[in-house]
Q: 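So that we are looking at the same thing, I have put the structure below in structure tokens.
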Amino acid sequence: METFQSLLAKKFSQALAKAGLPNAGELTPATDSRFGDYQTNAALVLGKQRGENPRDLAEKILAQLDVGDLCEPPVVAGAGFINFTLRADAVERKAGEVLRDERLGVAQAKSTRRIVIDFGSPNVAKPMHVGHIRSTVLGDALARIAQFLGHEVIRDNHIGDWGTQFGMVIYGWKNLLDRQALQRNPLAEIVRIYKETNQRAATDPQVREACRQELVKLQAGDKENTDIWNECVAFSMQDFDHVYKLLDVHYDIQCGESFYNDRLPGVVERLLKSGTAEISEGAVCVFFRDIPELADKPCIIRKRDGGFNYATTDLATVDYRINDLRADAIWYVVGAPQILHFRQIFEIARREGYTADLRHITFGSILGEDRKLMKTRSGENVPLRDLLDEACRRARNIIEEKNPDLGEDDRIDIAEKIGIGAVKYFDLSQYRMTDYVFSWEKMLSLQGNTAPYLQNAYVRIRSIFRKAGESASKIDRLALDDPAEINLAKRLCQFAEIVPQVLNNFRPNILANYLFELANSFHTFYEACPVLKSEEPARSSRLALCDLSGRVLERGLDLLGIKVPEKM
RNA sequence: GCGCCCGUAGCUCAGCCGGAUAGAGCAACGGAUUUCUAAUCCGUAGGUCGGGUGUUCGAGUCACCCCGGGCGCGCCA
């Protein structure tokens, strides 16, 4: 199905051709409703190129343009803009098409790709904390959207399950472990012994050395240490799975760092052999002498002591994803502090001849009310599990106050949908690069651009259908009359224009913003247009409008990984 | 020192490839409810887009410089 935008753009470019003019400018949604629904600046661009009067050019183009079936006669405005206002009957037909379409008008991508999305990536022996929200929620949303657009998505959890921290964990396990505490809360106990060992190591060189020895033994495949490591990984995975279940996030593969262990020597050998890497001060490095910003920032891929580091692992990972998984693209949803690292990795991959589309999708930090990195009162990372539980608890309090009649099962279910949805939406509704201040009050507010506000619009729709005792009417040609109806129907037709845009710059906030505007339009319609009490044909038409609004809201929120309740 | 990111209403934030008089939400103020969930809607008020120079028909958006904040820069991940 074609959107209004693409239909108009197509007709417009035909008109340009007829007028003997090249394609130019762009046809976009109007910046202001005063200017109609769509606008183009083509005449301005052409005017500049050819040194002609933009308004004259606009008239010349209009003489060749036939869009009478879609809009009112286009008008030239301002310096030479051409404005289009959709006809109500065209909106009726288009909305009818969307109504019948499972995909709600959203076309499949022209060329579909196999995309590995690397997101989440928690560390073993550390609980997931607020810092993991953005990567997890953003990555999941991008995966859902890419998938919906027809791409083949492989969601990969690159777990930090290997590294120097295990020397300390194993030392702690052998010397400090409280078995009973381990049974009660495994991860908390592992974290405790890790922290305590860390403190000891900071002051006691002997402990430090002991930890190093444990690490060496683990890396050499020592049975006892490997068993301990396995147990720690398993305990951590339990914690991750609990959080993922709450968040409704799943992975296709979970190839952690350890997965690449036996591939690391090969990576270094290959790079040395090809001359991409060289030995410097005993370490194996890749230099970027031809890139000014990187000239003084080499990338170490093997340490002087022969050990590998995370650059080596990431190179092995690129290799695996491209050669074994046959990825066309790899998206790394990893925080902005690692920009330099990925710049280096991507550059090395390029030098090795890889042509896959590698993207580092960065994001900012979550701040506390004090505008500093969000921490607990005692200065520690806020465990994600606690935070999500609190979200549900707070959501439940609000539900109980607003809707005391709900049964216990409903309360639990709805509180989870609202609480988790609120956390996710708060994150996704903001541009990913900006740091944001975490605020329960704001994210759980029923007013404004929040998940509960959107969910409420959906609930109102469900309520209408419950009351009506009927499912969506079979109507497929709407009868729009009230401005609120026309506005809502136009908005619904835009869903198909918005969704693909999200992937242009990896901005789910565009979709969130659209859904907010849709909910807004729906609420306005809801206030202005009685549904069940109205006469036919308005009643059926409005029911259809409700049905479509509900489906777009549900689908749109689903693309963001957010669920909708039937009641709230 | 070098590099990256950010700076838009009192607060929290939109504003994609430069486009018309810069938009929301919260908070403030004024209205609407015998309801299809008022958990809402309608309205008012609020801005030298950090500062400057430049590019051009046109700059919040692009380039350069400065100010302020954050982050990163050879053997952690």
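Below, read A as the first sequence line, B as the second, and so on, with proteins coming before strands; counting in each chain starts at 1.
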Q: Please classify the nucleic acid contact of A/Glu441 as base, sugar-phosphate, or nothing, using heavy-atom distances under 4.0 Å.
A: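 Nothing: the residue A/Glu441, judged by heavy atoms under 4.0 Å, touches no strand.
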Q: Can you find a donor-acceptor N/O pair under 3.5 angstrom joining the side chain of A/Asp161 to the base of B/rA77?
A: no
Q: Working to the nearest 0.5 Å, report the span between CG of A/Asn505 and OH of A/Tyr431.
A: 7.0 Å
Q: Tell me whether the centres of the aromatic rings in A/Phe346 and A/Tyr332 are closer together than 6.0 Å.
A: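 Yes, ring centres under 6.0 Å apart.
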Q: Look at the side chain of A/Pro337 and decide which nucleotide, out of B/rC75, B/rC71, B/rC2, has an atom nearest to it.
A: B/rC71
Q: On the nucleotide B/rC57, are OP1 or OP2 found under 4.0 Å from the side-chain N or O atoms that A/Asn41 carries?
A: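 So the side chain of A/Asn41 is outside the cut-off, no N or O lying under 4.0 Å from OP1 or OP2 of B/rC57.
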Q: Identify the two heavy atoms, one from A/Phe288 and one from A/Lys297, that lie closest to each other, and give their separation to 0.1 Å.
A: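 Smallest interatomic distance, heavy atoms only, reads CD1-O, 3.6 Å.
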Q: Touch check for A/Tyr526, heavy atoms < 4.0 angstrom, all strands: base, sugar-phosphate only, or nothing?
A: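 Base contact - A/Tyr526 has a heavy atom under 4.0 Å of at least one base atom.
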Q: Answer yes or no: is there a side-chain heavy-atom contact under 4.5 Å between A/Phe522 and A/Tyr458?
A: no
Q: Expressed as a whole number of angstroms, how long is the span from A/Phe516:CZ to B/rG15:P?
A: 15 Å
Q: Under 4.0 Å from OP1 or OP2 of B/rG15: is there any side-chain N or O of A/Arg507 that close?
A: yes
Q: When you measure from the side chain of A/Ser121 to the backbone of A/Asn157, do you find a donor-acceptor pair of N or O atoms at a distance under 3.5 Å?
A: no
Q: Indicate, yes or no, whether a donor-acceptor pair under 3.5 Å links the base of B/rG25 to the side chain of A/Asn449.
A: no
Q: Within the structure shown, what part of the strands sits under 4.0 Å from A/Asn83 by heavy-atom distance: base, sugar-phosphate, or nothing?
A: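 Base contact.
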Q: Side chain of A/Glu26, base of B/rC17: donor and acceptor closer than 3.5 Å?
A: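 Answer yes: a donor N or O sits under 3.5 Å from an acceptor.
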Q: Is the phosphate of B/rC42, meaning OP1 or OP2, less than 4.0 Å from a side-chain N or O of A/Thr524?
A: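 Yes.
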Q: Under 4.0 Å between any heavy atoms, over every strand shown, what does A/Arg343 touch: base, sugar-phosphate, or nothing? Just pick one.
A: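 A/Arg343: no heavy atom of the nucleic acid under 4.0 Å.
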Q: Between A/Asn520 and B/rC41, is there a contact of a side-chain N or O with OP1 or OP2 at under 4.0 Å?
A: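 For B/rC41, OP1 or OP2 has a side-chain N or O of A/Asn520 closer than 4.0 Å.
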Q: Do A/Phe465 and A/Leu543 make a side-chain contact, defined as non-hydrogen atoms from C-beta onward lying under 4.5 Å apart?
A: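 Side-chain contact under 4.5 Å: yes.
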Q: Report yes or no: is the ring centroid of A/Tyr453 under 5.5 Å from the six-membered base ring centroid of B/rA39, with the two planes under 30 degrees?
A: no
Q: Between A/His523 and A/Tyr453, does any side-chain donor sit less than 3.5 Å from a side-chain acceptor?
A: yes
Q: Using only modelled atom types and a 3.5 angstrom limit, is any donor from either the side chain of A/Gln165 or the base of B/rA77 paired with an acceptor on the other?
A: no
Q: Looking at every strand, decide which applies to A/Lys402 at a 4.0 Å heavy-atom threshold: base, sugar-phosphate, or nothing.
A: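 Counting heavy atoms under 4.0 Å across all strands, the contact made by A/Lys402 includes a base.
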Q: Check whether any side-chain N or O of A/Gln501 sits under 4.0 Å from OP1 or OP2 of B/rC16, and answer yes or no.
A: no
Q: If you measure from the C1' atom in B/rC64 to the same atom in B/rC76, how many Å do you get, rounded?
A: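 B/rC64 and B/rC76 have their C1' atoms separated by 37 Å.
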Q: Give each protein N/O atom lying under 3.5 Å from an N/O atom of nucleotides 6-12 of chain B, with the pair distance.
A:
{"residue": "B/rU12", "atom": "OP1", "partner": "A/Arg371", "partner atom": "NH1", "Å": "2.7"}

Q: For RNA chain B, list all stems, counting runs of three or more consecutive pairs where every pair is Watson-Crick or G-U wobble with both distances under 3.5 Å.
A: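 RNA chain B forms these stems: B:1-7 with B:67-73, B:10-13 with B:23-26, B:28-32 with B:40-44, B:50-54 with B:62-66.
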Q: With a 4.0 Å cutoff (strictly under), does any side-chain N or O of A/Lys303 reach OP1 or OP2 of B/rC76?
A: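 Looking at the OP1 and OP2 atoms of B/rC76, one of them is under 4.0 Å from a side-chain N or O of A/Lys303.
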Q: Would you classify A/Ala283 as touching base, sugar-phosphate or nothing, given that sugar-phosphate means primed atoms plus P, OP1 and OP2, and contacts are heavy atoms under 4.0 Å?
A: base
Q: Under 3.5 Å, side chain of A/Asp435 to main-chain N/O of A/Ser365, donor-acceptor pair present?
A: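 It does hold such a pair.
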Q: Give the minimum heavy-atom separation between A/Arg55 and A/Ala77, together with the two atoms involved.
A: NH1-C, 3.8 Å
Q: If you measure from the ring centre of A/Phe81 to the centre of the six-membered ring in the base of B/rA20, is it under 5.5 Å, with the planes under 30° apart?
A: yes
Q: When rounded to the nearest 0.5 angstrom, what distance separates CD in A/Glu214 from OG1 in A/Thr197?
A: 10.0 Å
